[in-house]
*Asks:* 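Handing you this structure, nothing more for now.
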Amino acid sequence: MGVTDSSKKQAKTGNYNPVELEKEVADRWKSDKTFENSIENRRSSKPFTFLEGPPTANGKPGIHHVLSRLFKDMVCRWKTMEGHLVERKGGWDTHGLPVEIEVQKQLNLMSNEEIEAYGMEAFNQKCKESVWTYEEAWREMSERMAFWVDMDNPYVTLHDEYIESAWWSLKQMHDKDLLFRGHKVLPYCPQTGTSYSTHEVSLGYKEVAEPAVYVKFKLKDSEGSIVAWTTTPWTLPGNVGLAVGPDVTYCRVKVTSKPSESWEGRGGAEVGEELILAKDLMPEVLRHHAEVIEEFQGSKLVGQAYEPLFPGAIDKGDSDTAWTVVAADFVTTTDGTGIVHTAVMYGEDDYQLGMEVGFPAQHTVGMDGKFIKGTHEILDGNYVKDCDSKIIDLLDGENKLYREHIYTHDYPHCWRTDHPLLYYAMDSWFVRMTAVKDKIIDYNSQVEWAPEWTGTGRVGEWLRNIKDWAISRERYWGTPLPVWICESCGHQHCIGSIDEMNSLKTEDSPTPKELHRPYVDDVKLCCTAEGCSGEMVREPYVMDCWFDSGCASFAQWHYPFENKEKFENSFPVDYICEAVDQTRGWFYSLLAVSTTVFDNISYRRCLSLGHILDNEGKKMSKSRGNVVNPWDHFNKEGTDAIRWYMTSQSAPWNPMNFDPNGVRETYAKMFLTLWNVHKFHLDYAILDNFDYSKDFIPVDKRNALDRWILSRVSSVAKNYHDQYVSWEFHKAARELENFVINDLSNWYVRRSRRRLWDEAESHDKRACQFTLHEVLLTVSKLMAPIAPFMPDKIHFDLTGTSVHTADWPLGSDLVDKNLPPQDLGLEKEMSIVRMLAETGRKIRVEAKRRQRLPCKEGWIVGGPDLREFHSIIAEELNVENLTTESNLDRFQKIEVLPNHKVLGAKCRADLPKVLSELSQLDPDSLLSDIEKGTAKLAGFEITSEDINIKRVEKEGYAASTFEVEETGDISLVLDVEITDDLVSKGLAREITRRIQSKRKELDLDLEASISLKVWLEKDSPKLNEDDWQYIISETRSKPSELIIGNPEKDLDNFQVENNKIYFKVN
RNA sequence: GGGCCCGUAGCUUAGCCUGGUUGGAGCACCCGGCUGAUAACCGGGAGGCCAUCGGUUCAAAUCCGAUCGGGCCCA
């Protein structure tokens, strides 16, 4: 197979147009079913399983989605090339609060009451529609960025099959006694009847000034009162305990006189009254002169009983601790009194503490935000926030108020109704994650995390503080909680399948249309408790949507109801990849579900990506106006450039500052360069009818330049692969980019151009073509996972097959390795050759000698035998005669430099002294002393280990020295004499260059010939006949004429030194 | 308030784990060179209190502690 028919049609390969090229390739993928084939080809091979973290299509896909889809796609393509079967099922996340909020905004439904008035059925129907709003946009984006995934058979979390699997898994947890009902304290808005997520809470913070109170709690068994502080007086009727820090120092003080300053608001204390509070806070709190009569640790207060503020508001029940002092580690002395009033149902800390110490857990406030009947006759039935003043009055009247003041702070408000949110203990269902803590920590340690610290740090830290997982939500749109409770006996039953539900259904219950509210709400079950004939009613909750996605590994297959084998063969999955914000989201929920249901991990490797920020490191947001639209780049630099840019720009786990200019740079450097290399090869390959399958030239029969680039591509490929394995895709991409630009284009192709210009068939030309063919194929295979389009175009042009069905050149346990031979010695030599070429240019700049003016002689001093490359170096340096000179002293002297590492270890604090002595010494005598073993500096014996010898050229030569590891110093010396012959040659090159540039300006074909006239001024340097012939052949001039004298009219002209030269090209 | 990550030139970054010669690249900028070599290439220049402060050390971008700024998650 040589060059394919499709590319033969055009004699010349076109310029790079990324949008057109990528469309052409994508069309071919479609018509050839390349994606499907890339999977089917590996059908019988070892699977590598990938699990797609499902996005929600109710928002437009943005640049950050391109990033995560890139890293998913890249690994899947790579593993496919390594020979694995890599199936990729798409998925959609369709439930949850964000969907409801979106629809509520759309329909202007601001509360649960309004939703219910609108109708739950209709509302959920709207939610269901809303999740597909941007499906088309997602498809288009995925296709354009070449994210290969099966979007035609995705898993969808709202499908009955998916929900049934989720139900099944919850039943497993239930059967293991991991499911229980409790309370969760959440910010709650009684006006809308909804509890809020952190995100919604953060929408509504407002600064408010409201009354805060210092309340006196009278001790039962001793004199005095404990003073506690609260900013929420409405929680005081619910008070059941006081918390103190066991190690905090408290004081009992006696009021000695009336307050000296003006008193703010209600409350007070009598002279002689005793108060207890933290020592540190006395100046803040007390407004009376008082004497300290006792000082003690908080632990001494623990267990003391006090009189309830609102007797009868809460039933003591069987609690031993109600209205006593308890210890808590969250108590601080930063504000308040160092004693925390605890109302179990209205604070997270309060609730936790209450559960620990056994306070009664009862509400004094209803879901409507009003005090429950029986709390207090004045308060009952009133909205709590309207009662602040009444409560303060009541306390004041009973001498239970020390003082009140106005307190200004940020407090969360409902973003819809503007009312303050109440922290409120809601009924909630939990998964007992605390019971499997050790297991889940162990499983987490079995996952290969990239970066490692995500697993050990971020996730690990979370798991060490694991809490029970609140899985129920008082919402409408979601997977219904499959728990039914008997109205007569209170028995609970968790349903694990549709069949089970139907078999337990009461006769007059309808069969639900689908597994959503309100349909399942109408299903009543016959009580499953022995001897009970009651009806069971479903708990009216839906499940946390993280629970949905946590089930993805099995629910995507409708396991265990279908696809048993498919699931078992793909679990745990080999690879997942999402952004770092999923740590406590999907990464956790997958692990939590697999731990509790399967006693296993659910993924073997997890790549956690950094976030994408704007080019100033700021978060992208609509309000900042710094959001990057991926299509701006798809339509300009193309998918390859954007994918390559994202990969190479920073480590995948680091936050990425997205710089649109960087995409342009990647396009211009990497892809334009690679395209031109391909174009260069392909144009000549077509012209010469090059056929890779015919008359193969073995690598050892090719010249050094060919063997060098082949060795380089092998070396680069090995590093590239190693970096893939260690997840350092950015380093891999940078190294390959450097190879393409510097080694392949700027050196190999540049040095090989003339070999291909040769019109006659030659061994050397064909060797070059074989080499380019092989290098381009290897490069395109390496690049393909990151940039799927251009490499595929190149591969297809050269072989007629897609790169995505090719084998990974590094091989694997499934496919063979296929790399050209390495020759590290040759690579080393070539790197020296290139350094010599660069050094030569540096010397010329310093010596102010134009590059086009040849030098008669050049000498290489030191280094390995490079005779094989002398012609290349001579040409690069524009030197007529290049030789190796072994007499270093002719050009060089020696310098001695300290080896800081060795000397530092030896001399320690005396190092500065040693260094200063060293700088004073004559290098030659020091060296001879070292040889004799008598060298000393500042009293330290100096050996050859302690120093580095450097050779530098003597002054007066046009020369420069560089250092090469292991080889030592290498110098280049140029003869800068100027002769007539050299001037003539230089002149010829100047003229040639101008004419070539004119040809290009006229857009002449490479093969076209021109007629040429050149005028040299009378006093111009002489141009030798040989050099004139050189101009003629280089510029394909026929006829041609050289005239001494000035032309009649103004023509193209340029200046060399002081002489003007005119020329005319037709 | 807690946990994790990040901070190096105008911009994007390497180096940090394992301390040691003058902190290396690319983009942009300036000067020069080269080119049938592409939005290319080469040489030189300018541009760095390596976020800040303190500690360890003969020696700190690198190790330790604190602070500041940014990001994410949790409260």
Side-chain angles (χ1 to χ4, degrees), chain A residues 15-16 198 201 330 332 334 348-349 451 453-454 456-462 464-465 467 579-585 588 608 610-613 615-619 645 648-651 653-659 661-662 664-669 671-677 679-680 730-731 734 737-738 741-742 745-747 749-750 753 757 834 837-846 848-852 876 878 897-915 948 950 963 989 992-993 995-1001 1003-1006 1034-1036:
Chain A
N15 286 331
Y16 178 40
T198 331
V201 171
F330 59 76
T332 64
T334 49
E348 168 89 53
D349 285 339
W453 46 258
T454 297
T456 52
R458 230 179 149 91
V459 178
E461 194 57 38
W462 169 252
R464 277 188 286 282
N465 299 311
K467 299 208 172 104
V580 58
D581 56 87
Q582 296 299 325
T583 312
R584 268 88 152 176
Y588 173 66
S608 159
H611 277 113
I612 201 160
L613 308 170
N615 58 357
E616 286 171 21
K618 294 271 161 57
K619 199 176 165 174
Y645 167 72
S648 60
Q649 205 272 132
S650 65
W653 43 81
N654 277 345
M656 176 188 300
N657 296 357
F658 188 92
D659 185 2
N661 207 33
R664 199 210 69 88
E665 193 183 323
T666 301
Y667 157 79
K669 300 202 69 154
F671 288 94
L672 209 47
T673 305
L674 179 62
W675 182 251
N676 283 304
V677 170
K679 175 172 137 89
F680 172 73
H730 57 307
K731 290 186 182 170
R734 286 171 192 170
E737 180 169 337
N738 183 54
I741 295 169
N742 284 321
S745 176
N746 291 346
W747 191 250
V749 171
R750 183 160 71 83
R753 267 176 194 280
W757 290 349
R834 295 180 68 180
E838 283 170 23
T839 303
R841 288 186 211 111
K842 192 201 265 182
I843 294 170
R844 280 176 175 275
V845 168
E846 280 163 11
K848 295 193 162 54
R849 190 179 178 101
R850 299 193 329 273
Q851 179 71 22
R852 290 194 200 95
E876 286 287 322
N878 199 10
L897 298 172
N899 184 335
H900 283 80
K901 194 166 189 167
V902 177
L903 271 179
K906 185 193 261 183
C907 312
R908 326 258 323 154
D910 293 321
L911 185 63
K913 227 192 283 174
V914 174
L915 292 182
N948 293 320
K950 191 173 173 64
E963 198 188 322
R989 284 189 61 169
T992 305
R993 143 99 181 102
I995 296 163
Q996 299 289 41
S997 148
K998 187 74 191 174
R999 283 183 62 120
K1000 201 171 166 186
E1001 204 179 292
D1003 202 19
L1004 294 181
D1005 233 33
L1006 281 174
E1034 281 292 300
T1035 59
R1036 293 176 174 266

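In what follows, chains are A, B, ... by sequence order, proteins preceding strands, each numbered from 1.
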*Asks:* Has the side chain of Ser650(A) got a donor or acceptor that lies under 3.5 Å from a partner of the other kind on the base of U12(B)?
*Replies:*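 No.
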
*Asks:* Can you measure Arg664(A) atom CZ to A40(B) atom C1' for me and round it to whole angstrom units?
*Replies:* 12 Å

*Asks:* Using the P atom as the point on both nucleotides, what is the distance between U12(B) and G71(B), in whole Å?
*Replies:*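 About 15 Å, rounded to a whole number of Å.
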
*Asks:* Where each residue is assigned the nucleotide of RNA chain B containing its nearest heavy atom, which of Thr839(A) and Val749(A) is assigned the position nearer the 5′ end?
*Replies:*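 The 5'-side residue here is Val749(A).
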
*Asks:* For the P atoms, the ones on C11(B) and on A51(B), what distance do you get once it is rounded to whole angstrom?
*Replies:* 13 Å

*Asks:* Considering only atom P, compute the distance from A60(B) to U21(B) and round it to an integer number of Å.
*Replies:* 12 Å

*Asks:* Is any side-chain nitrogen or oxygen of Lys669(A) closer than 4.0 Å to OP1 or OP2 of C41(B)?
*Replies:* yes

*Asks:* May I ask you to verify if any side-chain N or O of Lys679(A) is less than 4.0 angstrom from the OP1 or OP2 atom of U38(B)?
*Replies:* no

*Asks:* Would you mind reading off the distance between Asn742(A) atom CG and G43(B) atom P, rounded to a whole angstrom?
*Replies:* 10 Å

*Asks:* Between C30(B) and C49(B), how many Å separate the two C1' atoms, rounded to a whole number?
*Replies:*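 Pairwise C1' distance, C30(B) against C49(B), rounds to 25 Å.
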
*Asks:* Less than 3.5 Å apart, any donor N or O on the side chain of Asn878(A) or Arg989(A) sitting next to an acceptor on the other?
*Replies:* yes

*Asks:* Considering only U38(B), C42(B), C27(B), which nucleotide approaches the side chain of Asn661(A) most closely?
*Replies:* C27(B)

*Asks:* Distance check, C1' atoms only: G45(B) and U52(B), in whole angstrom units.
*Replies:* 31 Å

*Asks:* Please report, rounded to the nearest Å, how far the P atom of U35(B) is from the CZ atom of Phe680(A).
*Replies:*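 About 17 Å, once rounded to whole Å.
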
*Asks:* Which nucleotide, U12(B), A39(B), G26(B), lies nearest any side-chain atom of Tyr667(A)?
*Replies:* A39(B)

*Asks:* Within this structure, what is the CZ-CG distance for the pair Arg834(A) and Asn746(A), rounded to the nearest 0.5 Å?
*Replies:* 7.5 Å

*Asks:* The side chain of Thr673(A) is closest to which nucleotide in this list: U35(B), U13(B), U38(B)?
*Replies:*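 The listed nucleotide nearest to Thr673(A)'s side chain is U38(B).
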
*Asks:* Does C63(B) have a Watson-Crick or wobble partner in any strand here, with both distances under 3.5 angstrom, and which is it?
*Replies:* G55(B)

*Asks:* Given G26(B), C42(B), U38(B), identify the nucleotide with an atom nearest to the side chain of Leu672(A).
*Replies:* U38(B)

*Asks:* Between A39(B), G43(B), C27(B), which one does the side chain of Glu838(A) approach most closely?
*Replies:* G43(B)

*Asks:* I need the CG-C1' distance between Asp910(A) and A59(B), as an integer number of Å.
*Replies:*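 Rounded to whole Å, this separation is 14 Å.
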
*Asks:* As a test of reading the structure: which of U38(B), C6(B), C34(B) is closest to the side chain of Asn654(A), going by heavy atoms?
*Replies:*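 From the listed options, C6(B) comes nearest.
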
*Asks:* If only side-chain N and O atoms of Lys731(A) are considered, is one of them under 4.0 Å from the OP1 or OP2 phosphate oxygen of G15(B)?
*Replies:*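 For G15(B), OP1/OP2 do have a side-chain N/O of Lys731(A) under 4.0 Å.
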
*Asks:* Regarding Gly662(A), tell me which of base, sugar-phosphate or nothing describes its non-hydrogen contacts under 4.0 Å with the strands shown.
*Replies:*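 Answer is nothing: Gly662(A) stays at 4.0 Å or more from every strand.
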
*Asks:* Using whole Å, what does the distance between atom P of nucleotide G36(B) and atom CG of Asn676(A) come to?
*Replies:*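 In whole Å, G36(B) P lies 16 Å from Asn676(A) CG.
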
*Asks:* Rounded to whole angstrom units, what separation is found between the CH2 atom of Trp653(A) and the C1' atom of C6(B)?
*Replies:*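 After rounding, the reported distance stands at 14 Å.
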
*Asks:* Any side-chain heavy atom of Ser648(A) within less than 4.5 Å of one from Arg734(A)?
*Replies:*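 A side-chain contact exists here, since the closest heavy-atom pair is under 4.5 Å.
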
*Asks:* Distance check, P atoms only: G47(B) and A66(B), in whole angstrom units.
*Replies:* 36 Å

*Asks:* Hey, which of these two, Leu903(A) or Asp349(A), hits RNA chain B nearer its 5' end, going by closest nucleotide?
*Replies:*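 Residue closer to the 5' terminus by nearest nucleotide: Leu903(A).
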
*Asks:* Please determine, for C27(B), whether a Watson-Crick or G-U wobble partner exists with both distances under 3.5 Å, and give it or none.
*Replies:*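 WC or wobble partner is G10(B).
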
*Asks:* Check every strand shown and say whether Arg464(A) touches a base, only sugar-phosphate, or nothing at a heavy-atom separation below 4.0 Å.
*Replies:*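 Nothing, no heavy atom under 4.0 Å.
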
*Asks:* What integer number of Å spans the C1' atoms of C64(B) and A28(B)?
*Replies:* 39 Å

*Asks:* Write down the distance separating the P atoms in G48(B) and G10(B), rounded off to the nearest Å.
*Replies:*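 Nearest-Å result for G48(B) against G10(B) at atom P: 6 Å.
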
*Asks:* In whole angstrom, give the distance that lies between atom NZ of Lys906(A) and atom C1' of U57(B).
*Replies:*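 Computing the Lys906(A):NZ to U57(B):C1' distance gives 20 Å.
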
*Asks:* Given side chains that start at C-beta, do those of Tyr588(A) and Gln582(A) come closer than 4.5 Å, heavy atoms only?
*Replies:*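 In short, these two side chains do not touch, never coming nearer than 4.5 Å.
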
*Asks:* Tell me whether the side-chain N/O atoms of Arg734(A) come closer than 4.0 Å to OP1 or OP2 in U12(B).
*Replies:*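 For U12(B), neither OP1 nor OP2 has a side-chain N or O of Arg734(A) closer than 4.0 Å.
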
*Asks:* So if I take every side-chain heavy atom of Asn746(A) and compare against U13(B), C41(B), G15(B), which nucleotide ends up nearest?
*Replies:*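 The answer is C41(B), which lies nearest to the side chain.
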
*Asks:* To the nearest 0.5 Å, what is the distance between NZ (Lys467(A)) and CH2 (Trp462(A))?
*Replies:*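 Answer rounded to 0.5 Å: 7.0 Å.
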
*Asks:* Whole angstrom is fine here: how far is it from CD in Glu348(A) over to C1' in G1(B)?
*Replies:* 13 Å

*Asks:* With a 6.0 Å cut-off on ring centres, are Phe658(A) and Tyr645(A) close enough?
*Replies:* yes

*Asks:* Given U35(B), A14(B), C72(B), identify the nucleotide with an atom nearest to the side chain of His611(A).
*Replies:*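 The nucleotide sitting nearest to the side chain is C72(B).
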
*Asks:* Between Thr666(A) and Phe671(A), is any pair of side-chain heavy atoms under 4.5 Å apart?
*Replies:*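 Heavy-atom side-chain distance check passes, below 4.5 Å.
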
*Asks:* Once you round to the nearest 0.5 Å, how far does CG of Asn654(A) lie from NE2 of His611(A)?
*Replies:* 13.0 Å

